[in-house]
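Here the structure comes first, spelled out in structure tokens, and everything after it is commentary.
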There are 2 protein chains.
Amino acid sequence: MTLRDVARLAGVSVATASKALNGQPQVRASTRERVMQAASQLDFSPNTLAQGLITQRTGTVGLLTSDLEGRFSIPILMGAEDAFGTDQTSVFLCDARGDNIRERHHLRALLSRRVDGLIVVGARPDSRPSLGRDLPVPVIYAYAPSDDPRDLSLVSDNEGGGRLAVDHLIRCGRRRIAHITGDATYGAAQDRARGALGRLAQEGLEIAGGEVWFGMWSEAWGRGATRMLLERCPDVDAIFAGSDEIARGVLDVLHEERLDVPRRVAVVGYDNWNILVANARPPLTTVDMNLEELGRVAAQRLFAAIGGTLGSGIEKFPGKLVTRESTAPLR
Amino acid sequence: MTLRDVARLAGVSVATASKALNGQPQVRASTRERVMQAASQLDFSPNTLAQGLITQRTGTVGLLTSDLEGRFSIPILMGAEDAFGTDQTSVFLCDARGDNIRERHHLRALLSRRVDGLIVVGARPDSRPSLGRDLPVPVIYAYAPSDDPRDLSLVSDNEGGGRLAVDHLIRCGRRRIAHITGDATYGAAQDRARGALGRLAQEGLEIAGGEVWFGMWSEAWGRGATRMLLERCPDVDAIFAGSDEIARGVLDVLHEERLDVPRRVAVVGYDNWNILVANARPPLTTVDMNLEELGRVAAQRLFAAIGGTLGSGIEKFPGKLVTRESTAPLR
DNA sequence: TACGTTCCTGAAAACCTTTTCGGCACGGCT
DNA sequence: AGCCGTGCCGAAAAGGTTTTCAGGAACGTA
């Protein structure tokens with residue numbers, strides 16, 4: 001099962017066998033053919049440890065995530081896994097469970113396995129501590145940016161997403177647009193709200209209800225806020241929810257109040273979380289953060305940086321609006 | 001950064017340095033101390049590739065999943081990751097996207113990386129093709145069993161889960177219990193139904209509505225089936241739903257019909273999918289498949305089998321009932 | 001002093017591959 | 001005939017570690 005066996009079967013030296021299998025030019029075509037045949041006959045596959053030891057490339061990367069159960073890591077992880085493909089690169093998955101010292105442990109383990117690079121996926125879209133600048137491999141931060149601006153971070157453009165949602169509502173002819181969103185301590189909530197307000201201002205509109213409704217990332221808050229909103233501003237004709245969960249709560253109350261969606265009130269969510277949007281009544285128009293794409297690009301950037309050098313700063317990824325039946329033009 | 005550097009700094013040979021760091025007995029205490037000091041001073045961490053090359057143990061395992069986005073792989077993956085810990089073992093994550101040839105590719109890559117073992121996580125609870133018996137490393141199938149009974153598979157006990165749910169409803173004093181569930185081609189749906197019917201028979205009860213309602217794993221089906229059920233059997237006092245999604249649909253219709261949950265009708269779901277059960281009105285009693293535990297045990301079994309040998313057959317894992325407000329004793 | 005023990009240390013082989021470089025054979029040229 | 005160039009192949013080193021085994025020192029005993 002080793003190269004030596006292949007070489008013996010083909011009647012050549014290991015050196016020649018190696019060159020034959022790796023497409024090196026200094027080997028006669030007929031010899032190469034014999035080696036290839038021997039290799040496939042023995043079902044030979046090279047020991048990547050030995051390869052890595054000598055080439056100083058392992059063809060592995062570490063994926064350091066902080067919460068696997070969180071729904072944001074997964075699409076990014078899939079995108080990255082996808083981009084690396086099965087060809088050359090394998091991915092070490094490490095979940096730090098949000099624990100800093102576990103993260104250091106994982107980091108240490110990954111480095112001693114000589115990974116070629118690292119992708120760090122945060123749990124919340126707010127910035128997280130840098131792993132440090134003195135690592136022997138390139139590092140890319142995804143979703144949650146590093147707090148060190150010299151690192152390279154890829155994040156979702158929340159402000160753009162908020163603008164996108166409101167823009168769509170305006171194009172649907174809505175004029176009394178409210179915004180119900182989650183925890184105000186989340187940068188993402190602030191950014192989405194800023195984008196929404198910006199687009200409204202551009203149109204000369206005020207936010208319906210007089211303010212952005214910050215609260216929690218839950219259906220219950222979506223329900224509660226909607227009731228308060230309807231009391232203060234009964235003629236609202238569109239609600240932009242800061243998450244699909246909140247949007248579900250919003251829909252629930254509108255349904256109870258017999259306010260037709262989308263004819264009377266249009267609703268836009270955020271996240272494009274399939275289980276929520278597909279089952280909603282009616283199916284929910286929402287902003288998709290394009291996380292798979294983000295993961296894919298992270299992988300590509302990392303791949304390009306291996307051996308070379310990495311950029312720095314925070315790169316924002318635009319989301320995209322996915323329209324379903326919860327929004328429609330007025331009449 | 002290599003062992004040679006450590007040895008040089010400590011004034012010993014690499015052999016002695018290796019033995020000192022690995023706790024081998026044939027080294028004087030003072031010498032060991034010097035080596036340890038040198039190692040920590042240089043922040044030395046051994047090259048696991050070289051170690052693996054010589055010890056024939058890489059301390060890595062492959063996690064071969066068929067659908068990452070599926071919600072079932074993730075908890076299992078977390079349990080496994082958890083059990084391996086950061087100490088010795090790292091996990092290669094490979095997602096085959098349900099594609100058979102991609103799976104073969106990944107398998108080949110993992111073997112050439114000399115993983116010490118494999119965990120295969122299926123997408124559906126039905127059986128899947130075996131990877132074969134002639135692999136050089138132990139393999140454990142999780143969630144979806146292998147179709148070869150000589151392999152070792154760890155799966156969730158769906159029949160037990162169905163029994164558990166109905167048992168709880170009976171203890172709550174319910175007598176007219178219905179079962180609305182998903183796609184009849186899923187073994188899991190059949191098993192849960194069998195468990196439910198078995199427990200009912202044991203109590204001398206018939207299923208309310210006269211039959212198990214098979215359909216789809218969606219809220220919409222939950223709503224539709226509930227309407228039909230209420231028409232055929234208006235005095236139903238409990239509904240066991242085959243998934244939390246379906247249960248959400250059930251709750252929705254009961255809410256519309258002003259049938260109080262749990263006083264008038266009790267509802268039990270399946271999966272304990274947090275986003276759905278926590279946000280439900282009222283929060284949903286449900287069966288938790290204990291998938292993290294399953295993943296954890298899979299990892300432990302695999303770890304034990306490395307070097308040794310593995311059992312075979314299908315091992316079932318009991319679920320557990322998580323009670324919330326959607327069920328309560330009658331009066 | 002000579003010898004056997006015990007304890008510790010280091011040289012070297014091994015794991016498997018890649019890559020460099022020297023060498024061999026052969027043909028063509030002067 | 002002697003020389004050079006070209007094309008192909010193999011010996012050997014390298015990568016970093018573990019493990020075996022031989023040897024040296026110190027010590028006690030005869």
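Letters A, B, ... mirror the listed sequences (proteins, then strands); counts begin at 1.
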Mark up nucleotides 5-13 of chain C, 5' to 3', with B wherever a protein heavy atom is under 4.0 angstrom from a base atom, S wherever such an atom reaches only the sugar-phosphate, and - elsewhere.
---SBBBB-
Okay, side chain of A:Ser13, backbone of A:Thr16: is any donor-acceptor separation there less than 3.5 Å?
yes
Could you tell me which residues satisfy side-chain hydrogen bond (donor to acceptor under 3.5 Å, both in side chains) with A:Asp67, sequence neighbours excluded, listed by chain and number?
A:Ser73
Can you sort out the partners of B:Glu292 under side-chain hydrogen bond (donor to acceptor under 3.5 Å, both in side chains), two or more places apart, ordered by chain and number?
none
Decide yes or no for A:Phe92 and A:Leu110: does some side-chain heavy atom of the first lie under 4.5 Å from some side-chain heavy atom of the second?
yes
Here's a test of your reading of the structure: between A:Gln24 and A:Leu53, which maps to the more 5' nucleotide of DNA chain C?
A:Leu53
Please say whether the positively charged group of B:Arg124, taken as NZ for Lys or CZ for Arg, lies over the ring of B:Tyr186, i.e. under 6.0 angstrom from the six-membered ring centre and within 45 degrees of the axis.
yes
Describe, as an angle rounded to 10 degrees, how the axis at the first end of the helix from C:dT1-D:dA30 to C:dT30-D:dA1 is tilted relative to the axis at the last end, five pairs per end.
80°
Close side-chain approach of A:Phe72 and A:Asp271, heavy atoms under 4.5 Å:
yes
According to side chain to side chain donor-acceptor pair (under 3.5 Å), does anything in residues 28-41 of chain B pair up with another residue at least two apart or in another chain? List the pairs.
none
For A:Glu103, is there an ion pair with A:Arg97 - N to carboxylate O distance below 4.0 angstrom?
no
Quickly work out the B:Leu3 CG to C:dA14 P distance and round it to whole Å.
20 Å
Rounded to whole Å, CE of A:Met1 lies from P of C:dT17 at a distance of 10 Å
Sidechain-backbone polar pair: B:Asp126 side chain, B:Gly187 backbone, donor-acceptor under 3.5 Å
yes
Under 4.0 Å between any heavy atoms, over every strand shown, what does B:Thr2 touch: base, sugar-phosphate, or nothing? Just pick one.
sugar-phosphate
Check: A:Thr58 and A:Arg113 side chains under 4.5 Å, non-hydrogen atoms
no
Here the distance between atom P of C:dC16 and atom CZ of B:Arg113, to the nearest Å, is 17 Å
Span of DNA chain D, from the first to the last nucleotide whose atoms fall under 4.0 Å of chain A heavy atoms:
D:dC8 to D:dG16
Before you tell me yes or no, could you show the steps for B:Leu154 and B:Phe317 under side-chain contact (heavy atoms from CB on, under 4.5 Å), namely the whole-Å CA-CA distance, both residues' side-chain angles and the distance that decides it to 0.1 Å?
CA-CA 7 Å; B:Leu154 269 42; B:Phe317 273 69; 3.6 Å; yes
